[in-house]
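Encoded as structure tokens, the structure appears first; notes follow it.
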Amino acid sequence: MSAGRVVGESPSKIGAFFLYLILIVGALISVFPVYWMFVISTQTREAAFRIPPEIIPSDQFLINFNNALKQIMFFESMLNSLVIAVLQTVTVLLFCGLAGFAFAKYEFPLRRFLFFFVLATLFVPQQLSLIPNYILMSKLGWINSFKAIVVPGMVNAFGIFWMRQYIMSAVSTELIEAGRIDGCSHFRIFWNIVVPIITPALATLGIFTFMNSWNDFMWPLVILKSQDKFTIQITLQQLFNIREGYDYGKIMSATFVATLPLIVVFFMFSRWFISGLTSGAVKS
Amino acid sequence: MNHSLPAKPIRRWWTERKRTALTAYLFISPFFILFAIFGLFPIAFTFYLSFFRWNALSPMRFVGWENYMFIFEDKTFWTSVLNTFLMGAMGTVPQLIVALLLAVTLNSAVIRFRRFFRTLYFMPTVTSIVAVTLVFSAIFGNNGMANGLLTELGFDPVPWNSGWWGIKIAIATMIMWRWTGYNTIILLAGLQSIPPELYEAAKIDGAGKGALLFKITLPLLQPFILFVILMSTIGSLQLFTEPFVFTGREGTGGARVEAITMVIYLYREAFYNTFFGTAAATAVFLFFLTILISVMNVWIANKLNSDGGAWR
């Protein structure tokens with residue numbers, strides 16, 4: 001980290017002041033919309049349009065949130081999102097971990113070609129397969145079912161790439177051979193030797209997968225048809241769509257409660273988030 | 001070890017080596033199976049479908065290039081292409097400039113609390129696009145904060161959710177808010193990967209600040225800048241959720257025409273008009289456009305590099 005702290009001479013106090021000013025303004029802009037979401041969720045319905053803007057929380061949160069609960073199946077949607085995200089995260093970790101392990105530590109014919117193929121799929125836009133996948137799901141009878149969302153996302157190219165890079169650098173080949181001499185099966189070696197070493201990489205991938213799944217919008221919108229199956233993102237959009245003059249107190253109370261878990265998780269694990277993000281960029 | 005054992009015929013070909021290879025194939029098979037079903041087949045089928053007329057109920061009818069002719073003659077299609085490019089450019093160009101500025105500032109020698117700032121800058125990326133769009137729809141409401149500010153500064157209020165430019169500015173702002181921090185952190189990682197010795201050596205040789213920036217920082221940062229530009233470009237070609245939620249009205253199959261993007265056009269053709277053929281043609285067009293623009297990005301970067309262009 002200290003490696004980078006050399007650009008420029010140490011500037012004057014005024015220079016430092018301006019640098020901090022830029023950073024603080026940037027930080028305020030980053031935080032304000034989320035904070036304001038919270039403020040509006042605690043205010044009466046017309047408060048979103050007061051000038052100057054409200055920036056102090058009030059006491060209307062429970063009333064607003066209750067109004068939202070009357071209109072949408074909030075907790076059902078949260079649970080749906082949670083179920084989908086957890087299933088997807090668990091399978092991604094298992095399948096990407098195994099595939100990354102194979103690409104990192106096994107010798108087999110066509111290894112380089114197959115790995116290159118995995119990487120190439122990263123550049124295919126998702127929308128290209130939207131319509132056939134929809135048709136496929138309707139043939140399978142998976143419309144309005146979580147299977148249609150979870151199954152195609154059980155493993156992904158980025159995850160395989162990420163796990164391979166980590167396993168190559170973190171797991172020594174001798175350790176695996178020692179396990180093999182002791183008579184461990186291939187899966188036992190993965191489970192008992194490799195997994196404990198690669199926990200940080202699994203954590204990063206897990207957080208990312210969970211976040212993407214939780215925030216996904218287009219595919220669930222296409223697949224899920226009934227309110228009781230909606231994910232939270234679809235439900236929030238429905239709340240906004242109903243035209244009775246927007247009650248932003250109500251909208252923001254639901255949106256804030258739906259956003260909060262992710263932000264809490266992010267602040268708890270922000271180091272893993274950010275290290276995962278940057279090394280992903282550095283290596284590609 | 002096996003020498004002492006009586007050699008069963010099966011042992012001759014079933015070697016440990018083959019067993020290992022088979023295990024490896026087993027471990028990587030979920031990806032390839034799922035990709036074949038939900039990736040490869042759909043892509044091939046999209047190309048195939050783009051030459052047929054089909055509404056999912058009646059039988060498919062081969063129509064040659066008609067779907068392509070149809071979308072190329074549809075004014076809304078070209079509006080969606082124009083909108084995608086305009087909103088993409090308005091959302092990403094200022095974003096990348098700000099991200100570079102923030103990254104350089106964060107990397108400056110005097111700055112403390114670097115990790116704290118990084119965390120705050122990254123927070124918008126965690127927020128879902130739907131949530132972002134809902135908050136900004138209040139800010140960009142007709143009597144909202146944005147118009148309040150304009151009035152305060154002596155300008156006329158702007159109809160953010162119906163005007164041609166108003167909508168685009170509002171959506172570009174949402175894109176910019178959500179992604180600037182992400183790009184800042186990637187560029188910061190790039191800056192921190194530059195060895196400090198380079199700067200020291202250059203300073204001993206009497207290089208000024210401008211020379212350090214143009215001869216060391218920018219050339220070495222180039223792969224990171226390319227990565228960020230590439231990801232932003234691909235992302236903006238796929239723009240869907242912000243305009244869909246911001247201007248979408250239930251029952252109309254997507255956004256107002258001022259905000260319709262290529263992906264919204266595709267979505268509307270497929271799921272409201274049930275013209276699967278024209279939707280597939282749109283997807284194919286988007287696919288080639290993505291490849292074309294990605295290749296152009298890389299080509300321009302290489303050109304700058306080898307010609308000793310601006311950054312050398």
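Letters A, B, ... mirror the listed sequences (proteins, then strands); counts begin at 1. These numbers come from the heavy atoms of this one structure, side chains and all, not from hydrogens, waters or symmetry mates.
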The interface call for A/Ala157 against chain B, heavy-atom contacts under 4.5 Å, is both
### Message
With a 3.5 Å distance limit and no angle check, can you tell me whether A/Trp214 reaches the backbone of B/Ser128 through a side-chain donor-acceptor pair?
### Response
no
Kindly indicate, with the supporting measurements, whether the criterion side-chain contact (heavy atoms from CB on, under 4.5 Å) is fulfilled by A/Ile135 and B/Trp54.
CA-CA 12 Å; A/Ile135 296 165; B/Trp54 193 39; 3.2 Å; yes
Interatomic distance, CZ@B/Phe41 vs CG@A/Asn133, rounded to 0.5 Å, equals 8.5 Å
Practice problem: Kindly assign one of parallel, tilted or perpendicular to the pair A/Phe266 and B/Phe122, based on the angle between their ring planes and the thresholds 30° and 60°. | Solution: tilted
Fill in: Non-hydrogen side-chain atoms of A/Met218 and B/Tyr267 separated by less than 4.5 Å
yes
Of all heavy-atom pairs linking A/Leu262 and B/Val126, the shortest is CD2-O, 3.4 Å
If you tally heavy-atom pairs under 4.5 Å between each of A/Ile232, A/Val265, A/Leu221 and chain B, the highest tally belongs to A/Leu221
Cut-off 4.5 Å, heavy atoms of chain B, and the answer for A/Met211 is side chain
Of A/Phe101, A/Phe18, A/Phe117, the largest count of non-hydrogen pairs under 4.5 angstrom with chain B goes to A/Phe117
Whatever's closer than 4.5 Å to a heavy atom in chain A on B/Leu266 counts as side chain
Cut-off 4.5 Å, heavy atoms of chain A, and the answer for B/Ala279 is both
From the list B/Phe31, B/Phe35, B/Phe287, the residue making the most non-hydrogen contacts under 4.5 Å with chain A is B/Phe31
Okay, A/Pro52 and chain B: the region with an atom under 4.5 Å from a heavy atom over there is neither
From the list A/Asn212, A/Ile234, A/Val155, the residue making the most non-hydrogen contacts under 4.5 Å with chain B is A/Val155
Exercise for the section: Taking the side chain as every heavy atom from C-beta outward, state whether A/Phe108 and B/Ile28 have any pair of such atoms under 4.5 Å apart. Expected result: yes
Rounded to the nearest 0.5 angstrom, the CZ-CG distance for B/Phe45 and A/Leu136 is 9.5 Å
Honestly, the part of B/Tyr121 sitting under 4.5 Å from a heavy atom of chain A is both
Of B/Ala138, B/Ala44, B/Pro124, B/Gly144, the largest count of non-hydrogen pairs under 4.5 angstrom with chain A goes to B/Ala138
Turns out that what part of A/Asp216 lies under 4.5 Å from chain B's heavy atoms comes down to neither
Under 4.5 Å to a heavy atom of chain A? For B/Thr180 that would be neither
Cut-off 4.5 Å, heavy atoms of chain A, and the answer for B/Leu49 is side chain
Output, in order, the C-alpha distance, side-chain angles, deciding distance and verdict of side-chain contact (heavy atoms from CB on, under 4.5 Å) for A/Gln233 and B/Ile129. CA-CA 9 Å; A/Gln233 305 303 333; B/Ile129 301 181; over 6 Å; no
Closest non-hydrogen contact found for B/Phe271 with A/Leu130 is CE1-CD2, 3.8 Å
In terms of heavy-atom pairs under 4.5 Å with chain A, the winner among B/Leu106, B/Leu286, B/Thr290, B/Leu188 is B/Leu106
Turns out that what part of A/Ile251 lies under 4.5 Å from chain B's heavy atoms comes down to side chain
For A/Pro109 and B/Ala21 the tightest heavy-atom approach is CD-CB, 4.2 Å
Does B/Phe32 form a side-chain contact (heavy atoms from CB on, under 4.5 Å) with A/Val118? I'd like the steps, not just the answer. CA-CA 8 Å; B/Phe32 289 93; A/Val118 170; 3.7 Å; yes
Honestly, the part of A/Ile160 sitting under 4.5 Å from a heavy atom of chain B is side chain
Under 4.5 Å to a heavy atom of chain A? For B/Tyr48 that would be neither
Honestly, the part of A/Val151 sitting under 4.5 Å from a heavy atom of chain B is both
Rounded to the nearest 0.5 angstrom, the OG1-CD1 distance for B/Thr282 and A/Ile131 is 7.5 Å
What one should report as the nearest heavy-atom pair of B/Met123 and A/Ser30 is CE-O, 4.0 Å
| query | Does a side-chain heavy-atom distance below 4.5 Å link A/Phe187 with B/Leu26? | reply | no
Would you call the rings of B/Phe27 and A/Tyr106 parallel, tilted or perpendicular if under 30° counts as parallel and over 60° as perpendicular?
perpendicular
So, the part of B/Phe116 with a heavy atom under 4.5 Å from chain A: the answer is neither
Scanning both residues in full, the closest heavy-atom pair of A/Val34 with B/Thr127 reads CG2-OG1, 3.9 Å
When the 4.5 angstrom heavy-atom criterion is applied to B/Leu149 and chain A, the contacting part is neither
Notebook entry, point to check: Less than 4.5 Å apart, any side-chain heavy atom of B/Val130 and any of A/Phe240?
Noted result: no
Honestly, the part of B/Leu22 sitting under 4.5 Å from a heavy atom of chain A is neither
Closest non-hydrogen contact found for A/Phe95 with B/Pro30 is CD2-CG, 3.5 Å
d(B/Thr46 OG1, A/Leu128 CG) to nearest 0.5 Å is 5.0 Å
dist B/Arg112:CZ -> A/Leu23:CG (nearest 0.5 Å) comes out at 14.0 Å
dist A/Arg180:CZ -> B/Thr20:OG1 (nearest 0.5 Å) comes out at 5.5 Å
Under 4.5 Å to a heavy atom of chain B? For A/Phe256 that would be neither
Scored by heavy-atom pairs under 4.5 Å with chain B, the best of A/Gln127, A/Met252, A/Met37 is A/Gln127
When the 4.5 angstrom heavy-atom criterion is applied to A/Ile51 and chain B, the contacting part is side chain
Okay, A/Phe267 and chain B: the region with an atom under 4.5 Å from a heavy atom over there is side chain
Contact between B/Ile139 and A/Trp36 at the side-chain level, heavy atoms closer than 4.5 Å - yes or no?
yes
Quiz item: Could you walk me through whether A/Phe217 and B/Glu242 pass the side-chain contact (heavy atoms from CB on, under 4.5 Å) check?
Solution: CA-CA 10 Å; A/Phe217 180 71; B/Glu242 292 94 337; over 6 Å; no
Whatever's closer than 4.5 Å to a heavy atom in chain B on A/Phe32 counts as side chain
Bottom line for A/Ile24: the part with an atom under 4.5 Å from chain B's heavy atoms is both
**Item:** Min side-chain heavy-atom separation A/Tyr20-B/Ser108 under 4.5 Å
**Value:** no
If you tally heavy-atom pairs under 4.5 Å between each of A/Ala99, A/Pro33, A/Ala48 and chain B, the highest tally belongs to A/Pro33
With chain A, the option among B/Ile43, B/Thr119, B/Thr151 that has the most non-hydrogen atom pairs under 4.5 Å is B/Thr119
Whatever's closer than 4.5 Å to a heavy atom in chain A on B/Leu134 counts as both
